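The structure presented is a predicted model; accordingly, all values stated were derived computationally and were not measured. Worth knowing before you read on, the calculation uses all heavy atoms, side chains too, and leaves out hydrogens, waters and symmetry mates.
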Amino acid sequence: MGAEDNHYDIIIIGGGSAGYAAARTALEYTQSVAVVDGSDELGGLCILKGCMPSKTLLFSAEIAHTAQKGKRLGLHQERVHVDVAALQDRKRELISEFAGYRAGQLQDGRFKLYRSNARFLDHLTIQLTDGTELWSDKYVIATGSKVSEPSIPGLDSVGYLTSDDILSADKLPDSVVVLGGGIVACELAQYLNRTGVRVTIVQRSPHLLKELSADASVVLKSALQSEGISVFTDTHIENIRRAEDSVVVQFKHDGMTCYAHGRDVFNALGREPNTSFLNLELADIQVSNSGHIETNMMQQTTNPAIYAAGDCAGPEEIVHIAILQGENAVNHALGGKINEVNYDTITKVVFTDPQIAVVGLSRMELEIREVEFVESSFPFSDHGKSMIMDALYGYVRVFAKRSDGTVLGAECVGKDAGELIHTLAVAVATKLKVEDLLAVHWYHPTLSEIWTYPLEEIQEAIVS
């Protein structure tokens, strides 16, 4: 193989959502494209170990939970038995289809695929696991994230489950202590509980889902506790030890020493960028205190020939953001196009029950920016369709500019919030005003019409 065979116009390191989006976009500019992916299986985190498998299992668990509420709805049946192995079979079948499609896209010959890990030797050269050296004029790093390993006394010695373990287990323990109160912790804690596992959550921050509003956290905590999950927030974990057939987590809470017992402990204290093997320092690439690769708004790193996208770059670990970042990185690298991601219009969804969804700017962000705004809320517990569905947890909230009613942000905590938020996402992204949304025919009775109540209140406040 000649030296020219090892050179590419652009090399993408990582074949997940961001990496594939970058490679696909690069073909619009050049045929000299390589993808380097050393994972055990092609597909990326979302397909293999994240969004798709978790939501598949969560949906089944939600159906089981709804069925168990049958008596309240006038239905009588024997107790629902959850067959975890059968749930996993369905999940594997679906994920195999999704992953197979992505693998086919990576292997269809449009670009060179190297099934290997890579590390930088200098500014523009990488070395594969087998010693092969490749170089390129441009790179995009899209290596994703991995489960973080927190420094908690005793955690390593007792062993712990990760989200990967939970999402692949055909048999679950009878009890689990969940460390953490983020998205993964809350979603999978509820899944475990609804499949028959006794669950205790121990969260260090003052409230669950610390990145979201305290109001949303209060609703979710109440819902989880109503299902029998023990929730401790604002704690300090002191140590973890094994006692006979259980794990004991010792922590401080409200000035007292407390203990949580479970057959296993589930480490859900977050993820970190998967970059430690890349030798970033040899390519003059800097990382932040969180470990994320530092980038500008065009996704350029501190080495202007190298870009980063997706979970390894942040600031949001969301699939559609990773795709936009991957596309924008290549468009800038090969075409000189500047098309920054607008994080002010971002949509986020947590697939707990009730779901939590937000779009645009939060109250805190608006206050920090000193924006004059009006807000209004309305509860699901007083909404006709949600009462029919016995989906009473939560609320909707809208933020609008005081001067003209432009919609700036919204929160939805409740049944199908992940679907309902997109009405307001369209409004935020296209700068619609409250009066524009009120011109819509909102059908009754639907969940969607719940938005009309805060919208009408804001409109009255603006015109008065």
Side-chain angles (χ1 to χ4, degrees), residues 1 5-27 30-53 95-121 124-147 164 167-168 271-280 283 285 292-293 299 301 306-314 317 319 321-327 329-330 333-334:
M1 179 180 291
D5 296 320
N6 284 19
H7 174 270
Y8 296 89
D9 290 343
I10 188 166
I11 295 176
I12 318 297
I13 305 177
S17 297
Y20 175 69
R24 179 190 59 204
T25 304
L27 294 175
T30 178
Q31 298 300 304
S32 179
V33 181
V35 175
V36 179
D37 189 309
S39 58
D40 294 335
E41 185 179 358
L42 292 172
L45 174 65
C46 173
I47 291 175
L48 297 174
K49 299 179 180 180
C51 315
M52 303 310 288
I95 300 310
S96 176
E97 182 177 346
F98 299 142
Y101 182 71
R102 172 57 55 80
Q105 291 174 316
L106 290 167
Q107 296 170 324
D108 64 8
R110 290 175 295 164
F111 31 72
K112 177 66 175 179
L113 175 64
Y114 292 92
R115 295 291 283 118
S116 175
N117 287 317
R119 62 189 183 98
F120 283 96
L121 297 180
L124 296 175
T125 309
I126 60 173
Q127 184 180 63
L128 305 184
T129 305
D130 65 2
T132 300
E133 294 184 11
L134 307 177
W135 62 95
S136 177
D137 304 309
K138 303 289 183 181
Y139 286 87
V140 177
I141 301 172
T143 49
S145 63
K146 62 181 180 179
V147 174
D164 294 351
L167 293 174
S168 61
R271 302 182 66 87
E272 61 187 32
N274 185 30
T275 60
S276 58
F277 59 93
L278 288 171
N279 283 354
L280 296 176
I285 298 173
H292 290 92
I293 298 174
Q299 304 303 134
T301 71
I306 300 176
Y307 296 68
D311 289 4
C312 65
E317 298 180 359
V319 168
I321 296 299
I323 292 171
L324 288 174
Q325 289 177 341
E327 293 171 344
V330 172
L334 299 182

Looking only at heavy atoms, which two atoms of [X] and [Y] are closest? And how far apart?
X	Y	value
C312	A309	SG-O, 3.5 Å
V35	G15	CG1-CA, 4.3 Å
K146	S276	NZ-OG, 3.5 Å
A329	Q299	CB-CB, 3.8 Å
G19	A142	N-CB, 3.6 Å

So, taking the atom named [atom1] in [X] and the one named [atom2] in [Y], what distance separates them when rounded to the nearest 0.5 Å?
X	Y	atom1	atom2	value
F277	F120	CZ	CZ	10.0 Å
T129	N117	OG1	CG	4.5 Å
N6	I11	CG	CD1	9.0 Å
L121	Q127	CG	CD	5.0 Å
I321	S17	CD1	OG	12.0 Å
I306	I293	CD1	CD1	9.0 Å

*Output all residues satisfying side chain to side chain donor-acceptor pair (under 3.5 Å) with E272, sequence neighbours left out; order by chain, then residue number.*
none
*Kindly say whether the aromatic ring centers of Y8 and F111 come within a distance under 6.0 Å.*
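Not close enough - the centres of the two rings lie 6.0 Å or further apart.
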[X]: partners by side chain to side chain contact (heavy atoms under 4.5 Å, CB included), with sequence neighbours left out:
X	value
E41	L48, A99
L128	V36, Y114, S116, A118, I126, D130, T132, L134
A322	A18
Y101	Q105

Do [X] and [Y] have side chains that get closer than 4.5 Å, going by heavy atoms?
X	Y	answer
H292	E317	yes
V147	R271	yes
R115	L42	yes
L45	S145	yes

*Given side chain to side chain contact (heavy atoms under 4.5 Å, CB included), test N274 with D311 step by step and report yes or no.*
CA-CA 8 Å; N274 185 30; D311 289 4; over 6 Å; no
*Decide side chain to side chain contact (heavy atoms under 4.5 Å, CB included) for V330 and K138; before the verdict, give the C-alpha distance in whole Å, the side-chain angles of both, and the deciding distance to 0.1 Å.*
CA-CA 9 Å; V330 172; K138 303 289 183 181; over 6 Å; no
_Quick one, L278 with I285, criterion side chain to side chain contact (heavy atoms under 4.5 Å, CB included). Give me CA distance, side-chain angles, the key distance, then yes/no._
CA-CA 10 Å; L278 288 171; I285 298 173; over 6 Å; no
*Pairing residues for R24 by the salt bridge (charged side-chain N to carboxylate O under 4.0 Å, His left out) criterion, not counting sequence neighbours*: E327
*Please check if the side chain of S136 supplies one atom and the backbone of D9 the other of a donor-acceptor pair under 3.5 Å.*
yes
*Mark yes or no for whether Y20, through its side chain, and L106, through its backbone, hold a donor-acceptor pair below 3.5 Å.*
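Checking the backbone N and O of L106 against the side chain of Y20, no donor-acceptor pair under 3.5 Å is found.
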*Can you tell me if NZ on K49 sees more than 12 non-hydrogen neighbours from other groups inside 6.0 Å?*
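It does not: K49 NZ has 12 such atoms or fewer within range.
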